[in-house]
Amino acid sequence: MPGTSGLAALNGALEAMVGPLAVELAPVRVNAVSPGVIHTPWWDGVSAADRDALFKSYAAALPAGRIGRAEEVADAIVALATNGYITGTVLPVAGGVQLAAGPRA
């Protein structure tokens with residue numbers, strides 16, 4: 001998406017940093033959540049019609065077939081925070097975007 005290069009750079013840096021930081025700070029655990037398109041107030045600047053069309057387009061390309069909810073990201077954070085044996089992990093909460101190959105038929 002145009003205008004998101006800064007966000008992409010920050011996300012890439014965060015993802016690259018989690019593993020080395022987990023090693024450096026051990027036994028303190030370091031994990032991160034990498035959310036995909038999540039229906040949150042972040043999208044409020046987009047008109048409802050445009051947002052709905054955009055969400056429909058994104059959902060069609062995802063194996064999950066829908067846009068994520070904030071509660072699902074929160075659930076992932078709780079899982080990483082409460083499982084004492086997970087460290088150095090970036091957990092995608094993105095509806096399978098890493099698997100997506102384009103719109104589903």
Side-chain angles (χ1 to χ4, degrees):
M1 287 179 40
T4 61
S5 60
L7 181 60
L10 289 171
N11 287 340
L14 179 64
E15 208 161 313
M17 187 176 79
V18 168
L21 194 58
V23 171
E24 186 175 315
L25 298 178
V28 173
R29 297 179 311 107
V30 178
N31 296 298
V33 172
S34 180
V37 178
I38 307 296
H39 191 213
T40 64
W42 189 84
W43 294 95
D44 288 353
V46 179
S47 74
D50 288 346
R51 184 178 55 236
D52 290 346
L54 189 61
F55 283 179
K56 183 177 179 180
S57 171
Y58 284 146
L62 294 172
R66 63 180 180 79
I67 298 305
R69 299 184 320 270
E71 297 82 16
E72 292 167 315
V73 176
D75 289 344
I77 292 168
V78 169
L80 289 176
T82 59
N83 187 318
Y85 201 56
I86 299 174
T87 191
T89 297
V90 178
L91 180 60
V93 182
V97 71
Q98 70 278 13
L99 309 171
R104 295 178 300 150

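Looking at heavy atoms from C-beta onward, Val37 lies in side-chain contact with Trp43 at the 4.5 angstrom threshold. A 4.5 Å side-chain heavy-atom check between Thr89 and Val18 finds every atom pair outside the cut-off.
Of all heavy-atom pairs spanning Ala59 and Ile67, the tightest one is N-CD1, 4.0 Å. Nearest heavy-atom pair, Pro63 versus Leu99, reported as atom, atom and distance to 0.1 Å: CG-CB, 4.2 Å. Nearest heavy atoms, Glu15 versus Ser34: OE1-OG, 4.2 Å. For Pro35 against Val73, the heavy-atom pair with the smallest separation is CB-CG2, 4.0 Å. Between Phe55 and His39, the closest heavy-atom pair is CE1-CD2, 3.0 Å. Closest approach of Arg29 to Thr87, counting heavy atoms only: CA-OG1, 3.3 Å.
Going from atom CG of Leu62 over to atom CD of Gln98 covers 9.5 Å, rounded to the nearest 0.5 Å. Atom CG of residue Leu91 and atom CD1 of residue Ile86 lie 7.5 Å apart, to the nearest 0.5 angstrom.
Side-chain heavy atoms closer than 4.5 Å link hydrophobic residues (I, L, V, M, F, W, Y) into clusters, and following such links, even through other members, never connects Val78 to Val93. Hydrophobic clustering, with ILVMFWY side chains joined whenever heavy atoms are under 4.5 angstrom apart, keeps Leu10 apart from Val97. Criterion: ILVMFWY side-chain heavy atoms under 4.5 Å apart, direct or through other members. Under it, Leu80 and Val90 are not part of a common hydrophobic cluster. Both Met17 and Leu25 belong to a common hydrophobic cluster when Ile, Leu, Val, Met, Phe, Trp and Tyr are linked at side-chain heavy-atom distances under 4.5 angstrom.
With sequence neighbours left out, Glu24 forms a salt bridge (Lys or Arg N to Asp or Glu O under 4.0 Å) with no residue at all.
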